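Input: a single structure, listed below in structure tokens.
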Number of protein chains: 2
Amino acid sequence: MGKCEQCIIKQFNSLKSLTKDELVRISNCKTSYTIKKGTVIFEEGEAVNGVYCVKDGICKLSKLSENGKDQIVKMVVKGQLLGQRSLVSDENSNLQATALNDMEVCFIPKSEIIADLQKNPKFSYDVLKDMAHDLKEADDIIVNMAQKSVRQRLAETLIHIHNSFGINPDGTLSVLLSREDFANIVGTATESAIRVLSQFKKEGLISTIGKQIKIENIEGLKRIE
Amino acid sequence: MGKCEQCIIKQFNSLKSLTKDELVRISNCKTSYTIKKGTVIFEEGEAVNGVYCVKDGICKLSKLSENGKDQIVKMVVKGQLLGQRSLVSDENSNLQATALNDMEVCFIPKSEIIADLQKNPKFSYDVLKDMAHDLKEADDIIVNMAQKSVRQRLAETLIHIHNSFGINPDGTLSVLLSREDFANIVGTATESAIRVLSQFKKEGLISTIGKQIKIENIEGLKRIE
DNA sequence: TTTATAATATGATAATTGTCATGTTTTATT
DNA sequence: AATAAAACATGACAATTATCATATTATAAA
């Protein structure tokens, strides 16, 4: 099994601020494994007893409502940590985590890393910065949900996925989502998301190759009001 | 001027985790003053160069849109810290802070407190917990905005204000908000907020004494779907 | 007090979005 | 390859919410 000290992935998250000794210790207690697409990593209301360092793949953090809708609040991709908040607050998770592709993760038990959080100020400052960033993003989402139309939100979601998660060699978005996933990010009905995407296609803003989406006119998407 | 070491307010926020020495140092560089109702404390895009410890009063954190709407993301009340996030991230504020009543605050310059954040793990762990809590709340708001009706969100807002900010001796909500403020919290048009409140009144769920709102049937409000 | 200004209120109507029905295509399974 | 099951697509209609118009109150200013 790989060692945390030598793992490149940690460069992308707060684990980089741990000392060599801390990393060696964590390396010895971590478990590294694969998660199949569609697997629920943890459920809403569950106590998450550690953090997942995402080495590959992508997952969604979402919340189910009584009527069966599933609002996606955040996506966690390769390089990021999953379950950071539950690490800090002793409360149970308010969100469900589900793998959107096959993932490769390392699980670090809470007991092992919580001490570092309390003793290594550089590490905790790093986690703090991360959390501050997440909070800013969450605030922006609230404002978007309140002030923008489904059409605008969907356009912005496409741009965000394009910019933050990248594209394949053929120009399609590297993160493959179902229409339902898009609806759940934007906070609308699946049919509405489908309709708007069809509209974008008609307007030449995007094109599709099967389920894959390619942004054809990013400036056009940005201009949507 | 009061001394931080002896201030009772700090018990309610992360400042309680500072050492006596740290508090004395901060006490010497803080400025304590009053902010009139309606004053903009800091604007969107502005660099906030410190934190405000709210000794009395209440303010809103909001974001303006092009069409003149102002989405309220969070309210900061007596005992809490305002500007925590800007303390951590070097980015400018994404939100505007505006006093909703006359406020009494202490301003602690960033330069003075940032070192404590990096050196005092207990303090930074506390700030971290606070931020984790804010993040959880923000996530919940996103989900509510996506999944619930204006009627439900307004009912929940009333309950939240009742439970978190308290009531006056006569039973009215202690935080006095305009109908527009309610609309901006819920993320709807002012007219819609007014209509729903009128409806609640007709149904006997709330009563009003001038601008003041009194919850008459909290269970009824909770039951709204 | 009078006047002006802002906040609250409510109707009428339009725009957006959701829901249900139904058909087509894609993908998975036998 | 045949079948079943998902996912995608689109029309028709209903529900929710926004917008505009216009009163009516409150509140502040002269």
Side-chain angles (χ1 to χ4, degrees), chain A residues 36-38 65-71 98 100-102 144-155 157-158 172-173 175-203 206-214 224-225, chain B residues 36-38 65-71 98 100-102 144-155 157-158 172-173 175-203 206-214 224-225:
Chain A
K36 280 254 168 302
K37 176 179 172 174
S65 72
E66 312 79 51
N67 59 48
K69 281 193 184 171
D70 187 47
Q71 179 62 32
T98 315
L100 288 173
N101 334 127
D102 290 352
N144 284 344
M145 296 286 272
Q147 298 182 340
K148 297 186 178 170
S149 67
V150 168
R151 201 173 144 79
Q152 276 177 295
R153 278 163 10 218
L154 192 40
T157 299
L158 290 170
T172 57
L173 299 178
V175 174
L176 183 60
L177 296 174
S178 68
R179 302 297 194 247
E180 194 182 1
D181 287 328
F182 278 110
N184 292 343
I185 292 171
V186 167
T188 192
T190 306
E191 295 94 324
S192 299
I194 289 173
R195 246 180 271 269
V196 174
L197 284 174
S198 302
Q199 196 63 36
F200 285 170
K201 205 171 157 181
K202 267 183 201 154
E203 296 168 26
I206 62 170
S207 63
T208 55
I209 307 165
K211 231 169 129 164
Q212 306 265 7
I213 291 175
K214 183 174 174 180
I224 285 175
E225 325 217 346
Chain B
K36 279 251 168 301
K37 177 179 173 177
S65 73
E66 313 80 49
N67 59 48
K69 281 194 184 169
D70 187 47
Q71 178 61 32
T98 316
L100 288 173
N101 337 120
D102 290 351
N144 284 345
M145 296 287 270
Q147 297 182 341
K148 297 185 177 170
S149 66
V150 168
R151 200 173 144 77
Q152 277 178 296
R153 280 180 273 154
L154 192 40
T157 299
L158 290 171
T172 57
L173 299 179
V175 174
L176 183 60
L177 297 172
S178 68
R179 302 296 193 248
E180 194 182 3
D181 287 328
F182 278 110
N184 292 344
I185 292 171
V186 166
T188 192
T190 306
E191 294 94 324
S192 298
I194 289 174
R195 246 180 271 268
V196 174
L197 284 175
S198 302
Q199 195 63 36
F200 285 171
K201 205 171 156 182
K202 268 184 203 153
E203 295 169 28
I206 62 170
S207 62
T208 53
I209 307 167
K211 230 168 130 163
Q212 306 265 5
I213 290 175
K214 182 173 171 181
I224 284 174
E225 326 217 345

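As the structure is a computational prediction, the values presented were derived from the model and not from experiment. Letters A, B, ... mirror the listed sequences (proteins, then strands); counts begin at 1. Heavy atoms only: backbone and side chains are in, while hydrogens, waters and symmetry mates are out.
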When every non-hydrogen atom of Arg153(B) is compared with those of Val186(B), the smallest separation belongs to NH1-O, 2.5 Å
Of the nucleotides dT8(C), dT17(D), dA21(D), which one has an atom closest to the side chain of Lys211(B)? dT8(C)
Return the value, rounded to whole Å, for the distance between atom CD of Gln147(B) and atom C1' of dA15(D). 18 Å
To the nearest angstrom, how far is Glu180(B) atom CD from dT27(D) atom C1'? 16 Å
dT17(C) C1' sits how many Å from Gln152(A) CD, rounded? 14 Å
Which of these nucleotides, dT17(C), dA9(D), dA18(D), is closest to any side-chain atom of Ile194(A)? dA9(D)
To the nearest 0.5 angstrom, please state how far the CD1 atom of Ile224(A) sits from the CG atom of Leu154(A). 8.5 Å
Looking at every non-hydrogen atom in both residues, tell me the closest pair between Arg179(B) and Leu197(B) and how far apart they are. CD-CD1, 3.4 Å
Basic-acidic side-chain contact under 4.0 Å: Arg151(A), Glu203(A): yes
Selected nucleotide, minimal atom distance to Ser192(A) side chain, candidates dT17(D), dT19(D), dT17(C): dT17(C)
Report the distance from atom CD1 of Ile206(A) to atom C1' of dA9(D), rounded to the nearest whole Å. 13 Å
Separation of Glu191(B) atom CD from dC20(D) atom P, in whole Å? 9 Å
Under 4.0 angstrom, heavy atoms only, what part of the nucleic acid is Thr190(B) near: base, sugar-phosphate, or nothing? nothing
Would you indicate what Lys69(B) reaches in the nucleic acid, counting non-hydrogen atoms under 4.0 angstrom: base, sugar-phosphate, or nothing? sugar-phosphate
Residue Ala189(A), side-chain heavy atoms: nucleotide from dT19(C), dA9(C), dT17(D) that is nearest: dT19(C)
Does a donor on one side chain sit under 3.5 Å from an acceptor on the other, for Lys201(A) and Thr208(A)? yes
Write down the distance between CD1 (Ile213(B)) and C1' (dA9(C)), rounded to a whole number of angstrom. 14 Å
Could you state the CG-C1' distance from Leu197(A) to dA7(D), rounded to the nearest angstrom? 13 Å
Is there, by distance only and without an angle test, a donor paired with an acceptor across the side chain of Arg195(A) and the base of dG18(C) below 3.5 Å? no
Among dG11(C), dT17(D), dA9(D), which is the nearest nucleotide to the side chain of Arg179(A)? dA9(D)
I need the CE-P distance between Met145(B) and dT17(C), as an integer number of Å. 13 Å
For dT8(C) and Ser198(B) - does any side-chain N or O of the residue sit under 4.0 Å from the phosphate oxygens OP1/OP2? no
